[in-house]
Amino acid sequence: MTKTYEIRKPIWCAGCGHFGVQGAIQYALQAAGIELHETLVLAGIGCSGTVQNNIGAYGYHAMHGRVLPTAIGVSLANPDLTVIAAGGDGDGYAIGGGHLMHALKRNANLLYVVMNNGVYGLTKGQDSPTAKTPLAAPEEDPLDAMMLGLSIRSTTFLARAITTRSDQLNELMLMGLQHSREGKGMAFIEVLSPCVTYDDTYSQWMNKVYDLDADPDYRNDDRGKAFFDLNRLIEQSLIPIGLIYHGEHASLQSAMLSDVTPFHSLEDQHAGHFNQHMEEVLSAYAV
Ligand SMILES: Cc1ncc(C[n+]2csc(CCOP(=O)(O)OP(=O)(O)O)c2C)c(N)n1
Ligand code: SF4
């Protein structure tokens, strides 16, 4: 490390949903007892991407749309690190959409948080893939990233929250963090996080969310039924929130790195174990 940066104050507009997302990430780290020096927060480009400046963990500001491959690399290189990737719906679903599919497929041990506001906030409000009625093509349906997640059979944790329901948001964030820390794979949480400046969707979304956690008939451990139920709710113009899917599948680490010597500490690095570790990682991938 060559420079220590001061923790910044958020630069978001008053009322931006991203404040709530940052608060939930901080809550989850504290509630799980994970120290900031054991954590790396990586973020993409956008208003959302500045979250990593404000938390006080190690930080990495990835290129636009590239946060997931970087986070996967980090989680392989240092399995002891708590890895949190974050970004906007533009970053994750538009320019980063290809990486999202492959990350969902790989199921590496990390938490991925998308702050979905339906717009590109930082570049002044263009439509994102989740825009409800895109100006350029109003006949297009918005992307539902939870449906995408359900369609990829190696996903293990899919959830959606809204910043106005902070208890549920905090609880899901903690569950997702624990899922990834316990080596069960990638936890993907989409948070409805309105942009008050370019498309204030607070009242619209608060009226449309449907809480699956409060529905006794919903089964978050049944991928097929979850897909069917989400599709039905979306057809009714509702937005499903809550723990959408929770299942088991080998994580990238358990599938690829079971024979690799773990890299644990700076002492290991000094002893040359890091090089050994990376050689084993590369040979596991036959690179
Ligand atoms: C390669 C590249 N293309 C385009 C941009 C311009 N750009 C910066 S942020 C952004 C979108 C941000 O939207 P989103 O990810 O939804 O985050 P928000 O600002 O809404 O939180 C774009 C297109 C860029 N920085 N880099
Ligand atoms: S422009 Fe929108 S997304 Fe960006 S900080 Fe302001 S309210 Fe938040």
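Numbering of ligands and ligand atoms starts at 1, following listing order.
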Review point. Is T155 close to M186 at the side-chain level, that is, under 4.5 Å between some pair of heavy atoms?
Key: no
Exercise for review: Could you find the nearest protein heavy atom to atom 13 (O) of ligand 1 and give me its residue, atom name and distance?
Suggested key: Y120 CA, 3.3 Å
Exercise for review: Would you mind finding which of G118, G90, G125 brings a heavy atom closest to atom 16 (O) of ligand 1?
Suggested key: G90
Study note, to complete from the structure: R66 and P69 have their tightest heavy-atom pair at O-CD, 3.4 Å
Practice item. Kindly say whether L110 contributes a backbone atom to a donor-acceptor pair with the side chain of S75 at under 3.5 angstrom? Key: no
**Study point:** Nearest neighbour of atom 21 (O) of ligand 1 from the list S48, C16, S193, on a heavy-atom basis
**Key:** S48
Practice item. Determine yes or no for a side-chain-to-main-chain donor-acceptor pair under 3.5 angstrom, with N231 supplying the side chain and F227 the backbone. Key: no
Check your understanding: Going by the order shown, which atoms of ligand 1 are within less than 4.0 Å of some heavy atom of C47?
Key -> 18 (P), 19 (O), 21 (O)
Check your understanding: For the residue pair F188 and Y112, does the interplanar ring angle fall in the parallel (under 30°), tilted (30 to 60°) or perpendicular (over 60°) class?
Key -> parallel
Practice item. For the residue pair H64 and D91, establish whether any side-chain heavy-atom pair is separated by less than 4.5 Å. Key: yes
**Study point:** Whether H18 lies under 4.0 Å from ligand 1, heavy atom
**Key:** yes
Review point. What atoms in ligand 1 come closer than 4.0 Å to a heavy atom of D91?
Key: 14 (P), 15 (O)
Practice item. Within a distance under 4.0 Å of any heavy atom of I45, pick out the atoms of ligand 1 and give their elements. Key: 8 (C), 9 (S), 12 (C), 15 (O), 25 (N)
Point to revise | Which of the ligand 2 atoms, numbered from 1, are nearer than 4.0 Å to a heavy atom of C195 | key: 1 (S), 2 (Fe), 3 (S), 7 (S)
Review point. L177 and I34: side chain to side chain contact (heavy atoms under 4.5 Å, CB included), yes or no, with the steps?
Key: CA-CA 10 Å; L177 190 63; I34 298 170; 3.8 Å; yes
Practice item. State the atoms of ligand 2, each with its element, that fall below the 4.0 Å cut-off from a heavy-atom position in H18. Key: 3 (S)
Exercise for review: Mind checking the CG-CG spacing from D89 to L100? Nearest 0.5 Å is all I need.
Suggested key: 11.5 Å
Point to revise | Where ligand 2 meets Y198 - atom numbers and elements under 4.0 angstrom, heavy-atom basis | key: 1 (S)
Review point. Under a 4.0 Å heavy-atom limit, does N117 contact ligand 2 with its side chain, its backbone, both, or neither?
Key: side chain
Check your understanding: Which residue owns the protein heavy atom closest to atom 24 (C) of ligand 1, what's the atom, and how far is it?
Key -> H64 CD2, 3.7 Å
Point to revise | C13 N/O/S atom closer than 2.8 Å to atom 2 (Fe) of ligand 2 | key: no
Review point. Would you say R153 and R223 make side-chain contact, with heavy atoms under 4.5 Å?
Key: yes
Point to revise | Ion pair check, R165 and D211, cut-off under 4.0 Å | key: yes
**Study point:** Atom indices of ligand 1, in the order listed, that fall short of 4.0 Å to a heavy atom of G46
**Key:** 9 (S), 12 (C), 17 (O), 19 (O)
Exercise for review: With rounding to the nearest 0.5 Å, note down the distance linking OG1 in T82 to NE2 in H37.
Suggested key: 10.0 Å
Point to revise | Proximity winner for atom 7 (N) of ligand 1, if only heavy atoms of V51, T123, I95 are counted | key: T123
**Study point:** Pair D217 + K225, salt bridge at N-O below 4.0 Å
**Key:** no
Check your understanding: Quick one: nearest non-hydrogen protein atom to atom 20 (O) of ligand 1, plus distance?
Key -> G121 N, 2.8 Å
Point to revise | Which residue and heavy atom of the protein sit nearest atom 4 (Fe) of ligand 2, plus the separation | key: C47 SG, 2.4 Å
Exercise for review: Mark up the atoms of ligand 1 that fall under 4.0 Å of a heavy atom belonging to V119, in ascending order.
Suggested key: 16 (O), 20 (O)
Practice item. Run the numbers for me: atoms of ligand 2, each under 4.0 Å from some heavy atom of T197, listed by number. Key: 6 (Fe), 7 (S)
Point to revise | For V196, the ligand 2 atoms whose distance to one of its heavy atoms is below 4.0 Å | key: 7 (S)
Practice item. Determine, step by step, whether H249 and T156 satisfy the side chain to side chain donor-acceptor pair (under 3.5 Å) criterion, reporting the C-alpha distance in whole Å, the side-chain angles of both residues, the deciding distance to 0.1 Å, and the verdict. Key: CA-CA 6 Å; H249 193 279; T156 49; over 6 Å; no
Review point. How far is atom 8 (Fe) of ligand 2 from its nearest protein heavy atom, and which residue and atom name does that atom have?
Key: C16 SG, 2.4 Å
